[in-house]
Every structure is written in structure tokens, then in C-alpha cells.
Amino acid sequence: MKAIYLSVVFLLTIENAIAQDSAKSEEMIFYTMFGASIPAAKNQHVIGNASVVVELKHKYLLALRYYGQEYKEEVPASDHVNDKYIPSHTYNEVNVSVGKIKHFHEKLRFSFSTGPSFVAYEMPYNLKKVPHPNNSWGGFFNSSIYEYEVRKYNLPGWSVRADLAFIPKQKFGLSLGAFFNYNRKLPIGGLNVNVLLGKLKPSVEEI
């Protein structure tokens, strides 16, 4: 969770810096996106995501995106091990995407973007249930923990994303879309639901 919070702060800082540097460019739009990515695979878990998006001239976009999740290893309930002793998987991804935007209405826009990504993934393996080292009672009162190893992966990947955004206010919007983030160890894909905050005023040019 700390990684998610730090990434949100980082993304907001970038957005503010870009907006200040480009304040004179009327055709540029800057905003942040925060929300949840819901994987299509049943054995995967909801992922937090955040983005900084810059809409450039000629309806191009440039985005810096973050996806992160942490979830417990699936273990047999019959092991009766306390949740705090069950190891977690940690997934963090950053990608840079470029794409195009189509305005259907001043309050409705569609975007498609793609680009390279970097994934840091920590996976527990070789789990073994063992007696808790603090056991001092016999029989029923004893508890167990897991001993395990961790594999760390640093993986290149590729991201594809499409979003349909509804912009009811100049600085607030909502979006629904689809994504697919590929890497050789843990590819993910599904739906995105996001809140948009920032400078969202659409172009006044004819679409």
C-alpha cells in the first residue's frame, strides 16, 4: 500500500510541474486518473491504478501510468494459519503510453493508448507449514506459520488501454475502459473504472 500512496504523490507532482511549464499552451489538457482495475481472470485481484495524462495538439496523448496490488497467497483453510503469517504477492507496474483521443461531444471522449512498461513482482514460493517458534503449549493450543522463499522479478512488458470518459464538469470526470498489460510472468487484463481530476476542458475545435 505504501507504494501506491508514494506513486499517487509522485504522479500529482509531475502533473503540477507539467501544467506550470505549459500554462501558455491553450491546446494542451492535463489531468490525473485514479481508480480500480478489475481483472478478467477469476484468480486475480483488484488492482489500484493512477495516471497522469497530457493531451497534446492534434488529439494525441502522452500518459504515465501506475498499477499496483498486494494480495495473499492462496492456502488451504485446513492449515489454520493466521492471516498475518500468510505471505503476500506484490505487483507494481509503471508504463509510458502514447495514443489518440476522439471527442464525440464536449462531455464525452474516447482514448486509446499503448506503450512499454516495467514490472516489479515479488512472488512467495516453496511454502511449508511449521510450528510457530513461540509455541510453549502442547496439543490444541499450538499454532503454525509458513516458512517460504521469495522470488523477485524485474520484467519488461507492454500495455494497451482504452477509456471512454464522461466529463460533466471542467475539472471532474469519470471513465470506464479496458486494459491489457503483458509481461512474461503475470499478464493482467480487464476493466478500468476511474475518476478524472484536473484540467479537463475539451478542445473547441470541430472534431
Worksheet item: Minimum heavy-atom separation for S117 to W158, with atom names?
Response: OG-N, 3.3 Å
Worksheet item: Does NZ or CZ of K100 lie under 6.0 Å from the centre of the six-membered ring of Y60, at an angle within 45° of the ring axis?
Response: yes
Worksheet item: Okay, side chain of K129, backbone of S144: is any donor-acceptor separation there less than 3.5 Å?
Response: no
Practice prompt. Determine whether the side chains of Y125 and E73 contain a donor N or O and an acceptor N or O closer than 3.5 Å.
Written response: no
Item to complete: Drop me the distance from N95's CG to T114's OG1, to the nearest 0.5 angstrom.
Response: 8.5 Å
Item to complete: Using the side-chain contact (heavy atoms from CB on, under 4.5 Å) rule, take L186 and V119 through it: C-alpha gap first, then chi angles, then the decisive distance, then the call.
Response: CA-CA 9 Å; L186 189 65; V119 175; over 6 Å; no
Discussion item. For a side-chain contact (heavy atoms from CB on, under 4.5 Å) check, start with the C-alpha distance between R65 and N181, then their side-chain angles and the critical distance, and finish with the verdict.
Written reply: CA-CA 11 Å; R65 306 192 192 277; N181 297 350; over 6 Å; no
Discussion item. K185 vs M123, test: side-chain contact (heavy atoms from CB on, under 4.5 Å). Steps then yes/no.
Written reply: CA-CA 10 Å; K185 188 62 186 176; M123 181 187 77; 3.9 Å; yes
Worksheet entry | Interatomic distance, E122 atom CD to S88 atom OG [nearest 0.5 angstrom] | 10.5 Å
Discussion item. Assess, by modelled atom type and distance only, whether the side chains of D163 and N192 contain a donor and an acceptor separated by less than 3.5 Å.
Written reply: no
Worksheet item: Which atom names give the shortest non-hydrogen contact between F112 and A162, and what distance separates them?
Response: CD1-CB, 4.2 Å
Discussion item. For a quick test of reading the model, state the closest non-hydrogen atom pair linking N49 to A36 and the distance between them.
Written reply: ND2-C, 3.5 Å
Worksheet item: Any donor-acceptor pair under 3.5 Å linking the side chain of S51 with the backbone of T32?
Response: no
Discussion item. Assess, by modelled atom type and distance only, whether the side chains of Y91 and E93 contain a donor and an acceptor separated by less than 3.5 Å.
Written reply: yes
Practice prompt. Return the minimal non-hydrogen interatomic distance between V53 and A63, and the atom names on each side.
Written response: CG2-CB, 4.1 Å
Fill in: same_hphob_cluster(I86, Y71) at 4.5 Å side-chain heavy-atom cutoff
no
Worksheet entry | CA sep, side-chain torsions, deciding dist, call: V81, V75, side-chain contact (heavy atoms from CB on, under 4.5 Å) | CA-CA 9 Å; V81 175; V75 297; 5.9 Å; no
Response to the item:
For P124 and P87 the tightest heavy-atom approach is CB-CB, 3.7 Å
Worksheet item: So, S175 side chain and L164 main chain: donor-acceptor pair closer than 3.5 Å or not?
Response: no
Worksheet entry | Minimum heavy-atom distance L196-L174, with the two atoms named | CD1-C, 4.0 Å
Item to complete: Identify which one of L155, N154, N92 satisfies the side-chain contact (heavy atoms from CB on, under 4.5 Å) criterion when paired with F118.
Response: N154
Practice prompt. Look at the side-chain heavy atoms of Ile, Leu, Val, Met, Phe, Trp and Tyr, link any pair under 4.5 Å apart, and say whether L108 and F110 land in one connected group.
Written response: yes
Worksheet item: Can any side-chain N or O of E55 pair as donor or acceptor with the backbone N or O of Y31 at less than 3.5 Å?
Response: no
Worksheet item: Is it true that a side-chain atom of N82 and a backbone atom of K84 form a donor plus acceptor pair closer than 3.5 Å?
Response: yes
Worksheet item: Above 12 or not: heavy atoms from other molecules or residues under 6.0 Å from CZ of F172?
Response: yes
Worksheet item: Relative to each other, are the rings of Y153 and Y121 parallel, tilted or perpendicular (30° and 60° limits)?
Response: parallel
Fill in: Hydrophobic cluster identity match, F179 and L176, side-chain contacts under 4.5 Å
no
Worksheet item: If you group Ile, Leu, Val, Met, Phe, Trp and Tyr by side-chain heavy-atom gaps below 4.5 Å, do L61 and I29 land in one group?
Response: yes
